[in-house]
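Step one of this worksheet: look at the structure below.
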Amino acid sequence: MKIVEPTAATVAEAAALLREGKLVAFPTETVYGLGGDATNERAVAAIFEAKGRPEFNPLISHVLDVQSAQELVRWNDTAEMLAARFWPGPLTLVLPRAKGSPIALLATAGLDTAAVRAPAHPVAQALIRAAGRPIAAPSANRSGAVSPTRAEHVAESLGDRVPLILDGGPCKVGLESTVLDLSTAKSTLLRPGGATREAIEAVIGPVALSDALPTGNAARKSPGQLESHYAPARPVRLDATSVGADEGLLAFGPAPPAGAMLTYNLSPSGDLAEAAANLFAQLRALDRPGIGRIAVMPIPETGLGLAINDRLRRAAADDGAGARG
Ligand code: TXA
Ligand code: MG
């Protein structure tokens, strides 16, 4: 495995690897992706293998623009409006597979829908352009680990399971994309993320929330549907307003409680975009020997707070010991 600066030459090298069915980790504005040729079943299988995913979750196909998305999925007016507002950017659209869609069946886990997204990061765009095909990419971490927002995180998690990592620096958004299902009559938010529910509703009106989303303390209501993707090794305690001496504190806002063994502040000024960008890196930094538990201060449930709280609830539900439900 090597980590390289993205240049015309290294992007071309990465694109050549992709065309050969090999994997490449690359930066997007949300998190780093573990990319493979979305039209190559073997390459997609290699993604699942590298991640150590227990099951074949459907993957997002990354494209340059609306025109290339239309070759993969059956486009509609709602998708058109949303793409005009959010693409390129952190919004993933789930739509029916187009007839003759070249996306590998394994990439959509046998579903008759497919997820597409046009990322905003210039390195991601250059790679898709150079590869000349859609890139299937989940977050570039082993299954069960926190999503990587820096090239070093990818290297730590995947090691030699990925031959090449394009280092685009820290991810600006820091949270995965919002996943919105447009394949049924009612547009449904499957995963809150970098594009806020409020901003989406301003374009297309009310969206439904998926039943699978963990909400508050009801997080254990449907544990089978909870993905353990956001799990630090240490237990996570939410809504902490005070902190114990054995705890690491993930703070938010200007007045964190004193007494923690170690404190990181997602945003001292209470800015949710800053908090999102810091979330995964700070969770990692607190997930270290000597810390008994990670305490997290309350985060408002508005804007990007919906996605931040979703990730934190998943981290807390998978309480580190694997003792779930
Ligand atoms: O920001 C992101 O979305 C990152 C970067 C690399 O683009 N990718 C990412 O991929 O987070 P992944 O595989 O970790 O998450 C993809 C999400 C999963 O929740 C999956 O269930 C959902 O998208 N998804 C993909 N295809 C779907 C489909 N056909 N129907 C429903 N959900 C789908
Ligand atoms: Mg993931």
Side-chain angles (χ1 to χ4, degrees), residues 23-36 38 44 47-48 50-53 55-63 69 72-74 86-98 101 103-121 123-125 127-128 134-149 153-154 157-158 162 165-166 168 171-184 187-195 210-214 225-230 276-277 279-280 304 307 310-311 314:
L23 306 184
V24 171
F26 64 99
T28 81
E29 72 279 21
T30 59
V31 299
Y32 275 74
L34 177 63
V44 174
I47 293 174
F48 290 117
K51 279 192 68 93
R53 270 204 180 164
E55 60 205 42
F56 295 149
N57 298 330
L59 303 178
I60 299 167
S61 294
H62 295 74
V63 295
L72 310 179
V73 292
R74 211 154 72 224
F86 292 100
W87 280 13
L91 179 63
T92 294
L93 302 176
V94 174
L95 289 155
R97 283 178 71 105
S101 177
I103 300 179
L105 295 176
L106 192 54
T108 56
L111 299 172
D112 51 15
T113 55
V116 291
R117 167 167 114 80
H121 199 293
V123 174
Q125 294 176 349
L127 184 63
I128 298 165
I135 300 179
S139 51
N141 53 275
R142 292 281 286 172
S143 184
V146 172
S147 289
T149 54
H153 299 164
V154 180
S157 189
L158 291 175
V162 58
I165 303 172
L166 292 170
C171 299
K172 281 210 182 90
V173 176
L175 278 176
E176 298 87 342
S177 62
T178 301
V179 180
L180 190 66
D181 186 357
L182 302 181
S183 71
T184 59
S187 305
T188 304
L189 189 67
L190 299 182
R191 179 177 74 181
S210 162
D211 296 340
L213 292 176
Q225 288 175 295
L226 271 190
E227 294 183 68
S228 59
H229 282 185
Y230 308 98
L279 178 66
F280 291 136
L304 285 173
D310 172 73
R311 304 307 186 272
R314 287 170 198 273

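Counting starts at 1 for both ligands and their atoms, in listed order. We number each residue from 1, following the sequence as shown. Just so it is clear, the values below take in all heavy atoms, side chains as well, and ignore hydrogens, waters and symmetry mates. Bear in mind the structure is a predicted one, so any value in this text is a computation, not a measurement.
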Where does [X] meet ligand 1, judged by heavy-atom distances below 4.0 Å: at the side chain, the backbone, both, or neither?
X: Val179; answer: side chain
X: Thr108; answer: neither
X: Glu176; answer: both

So, [X] and [Y]: side-chain donor and acceptor under 3.5 Å apart, yes or no?
X: Glu176; Y: Ser147; answer: yes
X: Thr28; Y: Arg117; answer: yes
X: Ser183; Y: Thr113; answer: no
X: Arg97; Y: Thr108; answer: yes

For [X], counting its heavy atoms only, list the atoms of ligand 1 lying under 4.0 Å from any of them.
X: Leu111; answer: 28 (C), 29 (N), 30 (N)
X: Ala137; answer: 6 (C), 8 (N), 10 (O)
X: Thr113; answer: 28 (C), 29 (N), 30 (N)
X: Leu190; answer: 31 (C), 32 (N)
X: Ala115; answer: 25 (C), 26 (N), 27 (C)

Based purely on interatomic distance, does [X] place a nitrogen or oxygen under 3.5 Å from a nitrogen or oxygen of ligand 1?
X: His62; answer: yes
X: Tyr32; answer: no
X: Arg191; answer: yes
X: Thr92; answer: no

Original post:
Measuring from the heavy atoms of Ile60, does anything fall under 4.0 Å of ligand 1?
Top reply: yes

**OP:** Decide whether the shortest distance between a heavy atom of Pro119 and an atom of ligand 1 is less than 4.0 Å.
**Re:** no

Original post:
Is it true that atom CZ of Arg74 has more than 12 heavy atoms of other residues, nucleotides or ligands lying nearer than 6.0 Å?
Top reply: no

Original post:
For atom 30 (N) of ligand 1, which candidate among Val116, Leu91, Val94 provides the closest heavy atom?
Top reply: Val94

Original post:
side-chain hydrogen bond (donor to acceptor under 3.5 Å, both in side chains) with Ser157: which residues, sequence neighbours excluded?
Top reply: none

**OP:** With rounding to the nearest 0.5 Å, note down the distance linking OG1 in Thr92 to CG in Leu182.
**Re:** 11.0 Å

**OP:** Say whether, by atom type as modelled, one donor and one acceptor occur between the side chain of Gln125 and the main chain of Pro119 under 3.5 angstrom.
**Re:** yes

**OP:** Could I get the full list of side chain to side chain contact (heavy atoms under 4.5 Å, CB included) partners for Ala69, not counting sequence neighbours?
**Re:** Val63, Trp75, Trp87, Val116

**OP:** Tell me, with the steps shown, if Cys171 and His121 meet side-chain contact (heavy atoms from CB on, under 4.5 Å).
**Re:** CA-CA 9 Å; Cys171 299; His121 199 293; over 6 Å; no

